[in-house]
Amino acid sequence: MKLDILAITAHPDDVELCCAGTLLSQIALGKTVGIIDLTRGELGTRGTPEGRIQEGKNAAAILGVSVRENVGLADGFFRNDEEHQKAIIPFIRKYQPDIVITNSIDDRHPDHGRGGKLVSDSCFYSGLRMVKTYDALGNEQEAWRPRQVFHAVQDRYIKPDFVVDITAFHDQKIEAVRAFKSQFHIPEYRGEGEPQSYISTPEFLEFITARAREMGHAVGVTFGEGFTNARMLGVKDLSVFI
């Protein structure tokens, strides 16, 4: 299955928090979209790895993505090296996305900046035919390099290179975020003995909406999601800026 857009991020729920509105907007335009989680989020303060996988499936159903898979890297301890790059490249070659969206270039959580760099480098090496990888049946995969790799803006503010208008999709984005009942402030969630975390307070979800308002305000819409890009962006039609 070839995808137009593949979001590859460190933890289950990263996509929902930082680019779900963008994915929804592109699906509405007829684009095929998938999600790859690098880890199961097993170091999370709340919930379980198995529970987060199920929450991810629930969120994927809300978003309407074509596929969601998990690489199974070690949460907190993955590295940007050959071993880990070769764990990600098969997914890039399998789905052949034109655009990859990944974690922020730098963020409060160390996994985010490291994950963003790991994914970006993996996308480059995926385009080298001398890097050999194989599919589940043992067939050698063809080299594939996405045309663009975009980094989301997450917890720490980074001035975006561009902002996507997600006004029509913000409510659905928040619904997908709330599918991760163990992670955020969902009153009906019963995690016996689990402590409060940085992201499980009511204020955190308010911050997510406030950040979307901030990004939207910058481009004259109600809600937005911001992204950075290492490469210069080019356009053929100036009307894309209207």
Side-chain angles (χ1 to χ4, degrees), residues 3-41 44 47 52-70 95 97-104 107-109 111-112 115-116 119 148-158 160 162-186 199-200 204-216 218-219 221-229:
L3 298 175
D4 296 307
I5 302 170
L6 184 59
I8 311 176
T9 56
H11 310 111
D13 74 24
D14 280 355
V15 163
E16 284 72 18
L17 288 170
C18 69
C19 64
T22 297
L23 299 188
L24 286 163
S25 73
Q26 298 308 293
I27 291 170
L29 293 173
K31 305 294 186 182
T32 54
V33 175
I35 298 173
I36 303 293
D37 302 311
L38 297 184
T39 77
R40 298 184 301 157
R52 292 186 74 172
I53 292 292
Q54 184 57 55
E55 290 170 343
K57 292 178 180 178
N58 296 341
I62 293 168
L63 295 175
V65 296
S66 299
V67 64
R68 185 171 203 151
E69 294 198 56
N70 195 292
Y95 293 113
D98 297 311
I99 294 171
V100 163
I101 298 175
T102 188
N103 289 109
S104 176
D107 205 40
R108 172 183 175 273
H109 196 308
D111 282 2
H112 293 170
V119 171
Q148 295 288 351
V149 178
F150 298 140
H151 295 269
V153 176
Q154 296 187 257
D155 191 80
R156 289 179 179 168
Y157 178 80
I158 297 174
F162 66 94
V163 172
V164 176
D165 179 5
I166 67 163
T167 303
F169 306 97
H170 179 261
D171 289 349
Q172 194 173 351
K173 166 195 169 94
I174 296 301
E175 182 184 358
V177 169
R178 290 172 61 85
F180 288 89
K181 296 181 183 297
S182 66
Q183 300 304 300
F184 304 109
H185 180 71
I186 312 298
I199 64 174
S200 69
F204 184 78
L205 287 181
E206 292 174 3
F207 160 73
I208 294 302
T209 294
R211 169 57 56 78
R213 286 191 181 277
E214 175 186 36
M215 292 293 178
V219 295
V221 300
T222 306
F223 295 108
E225 288 175 337
F227 300 89
T228 64
N229 185 40

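This one's a predicted model, so the numbers in the text were calculated from it and none came from an experiment. Note that these values count all heavy atoms, side chains included, but never hydrogens, waters or copies made by symmetry.
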Side chain to side chain contact (heavy atoms under 4.5 Å, CB included) between L17 and F184, worked out: CA-CA 11 Å; L17 288 170; F184 304 109; 3.8 Å; yes

State which residues pass side chain to side chain contact (heavy atoms under 4.5 Å, CB included) with S200; sequence neighbours excluded, sorted by chain then number. R46, Q196, S197

Listed by chain and number, what are the salt bridge (Lys or Arg N to Asp or Glu O under 4.0 Å) partners of D171, not counting sequence neighbours? none

OG1 (T9) and CG (D111) are apart, to the nearest 0.5 Å, by 11.0 Å

Mind listing the closest non-hydrogen atom pair of A7 and L23 along with its distance? CB-CD1, 4.1 Å

Using a 3.5 Å cut-off and no angle test, enumerate the donor-acceptor pairs between side-chain atoms of residues 24-36 and protein atoms at least two apart in sequence or in another chain.
| unit_1 | atom_1 | unit_2 | atom_2 | d |
| --- | --- | --- | --- | --- |
| S25 | OG | T22 | O | 2.6 |
| T32 | OG1 | D4 | N | 3.0 |
| T32 | OG1 | D4 | OD2 | 3.1 |

If the condition is salt bridge (Lys or Arg N to Asp or Glu O under 4.0 Å), which residues does D107 pass it with, not counting sequence neighbours? none

Of all the heavy-atom pairs spanning A179 and I62, show the shortest one and how long it is. CB-CD1, 4.0 Å

Looking at every heavy atom in both L3 and V67, which two are closest together, and how far apart are they? CD1-CG1, 3.8 Å

Does the side chain to side chain contact (heavy atoms under 4.5 Å, CB included) test come out yes or no for M215 and Y157, once each step is laid out? CA-CA 10 Å; M215 292 293 178; Y157 178 80; 3.9 Å; yes

May I have the list of side-chain donor-acceptor pairs in residues 206-213 shorter than 3.5 Å, sequence neighbours left out?
| unit_1 | atom_1 | unit_2 | atom_2 | d |
| --- | --- | --- | --- | --- |
| R211 | NE | E214 | OE1 | 3.0 |
| R211 | NH1 | Q154 | O | 2.6 |
| R211 | NH2 | D155 | O | 3.4 |

In short, side chain to side chain donor-acceptor pair (under 3.5 Å) pairs touching residues 57-70 with sequence neighbours left out are E16-R68, D37-R68, Q54-N58, E69-K94, E69-Y95

Donor-acceptor pair, side chain of H151 and main chain of N103, under 3.5 angstrom: yes

Rounded to the nearest 0.5 Å, what separation is found between the CG atom of N229 and the CD1 atom of I99? 9.5 Å

Give the minimum heavy-atom separation between G21 and F169, together with the two atoms involved. O-CB, 4.1 Å

In short, C18 meets A152 closest at the heavy-atom pair SG-CB, 3.5 Å

Scan residues 174-185 for pairs that pass side chain to side chain donor-acceptor pair (under 3.5 Å), counting only residues two or more places apart or in two chains. E55-S182

Could you pull out all residues at least two apart from R156 that satisfy side-chain hydrogen bond (donor to acceptor under 3.5 Å, both in side chains)? D106

Locate the shortest heavy-atom distance separating L38 from G115; write the atom from each residue and the value. CD1-CA, 4.4 Å

Apply side chain to side chain contact (heavy atoms under 4.5 Å, CB included) to T167 and list each qualifying residue two or more places apart in sequence or on a separate chain. D165, V221, T222, F223

Residues in salt bridge (Lys or Arg N to Asp or Glu O under 4.0 Å) contact with D14, at least two apart in sequence or another chain: none

Tell me, which pairs form a ring pair (Phe, Tyr, Trp, His ring centres under 6.0 Å) where one or both residues lie in residues 7-37, sequence neighbours left out? H11-H109, H11-H112

Not counting sequence neighbours, which residues clear ring pair (Phe, Tyr, Trp, His ring centres under 6.0 Å) with F150? List them please. F162

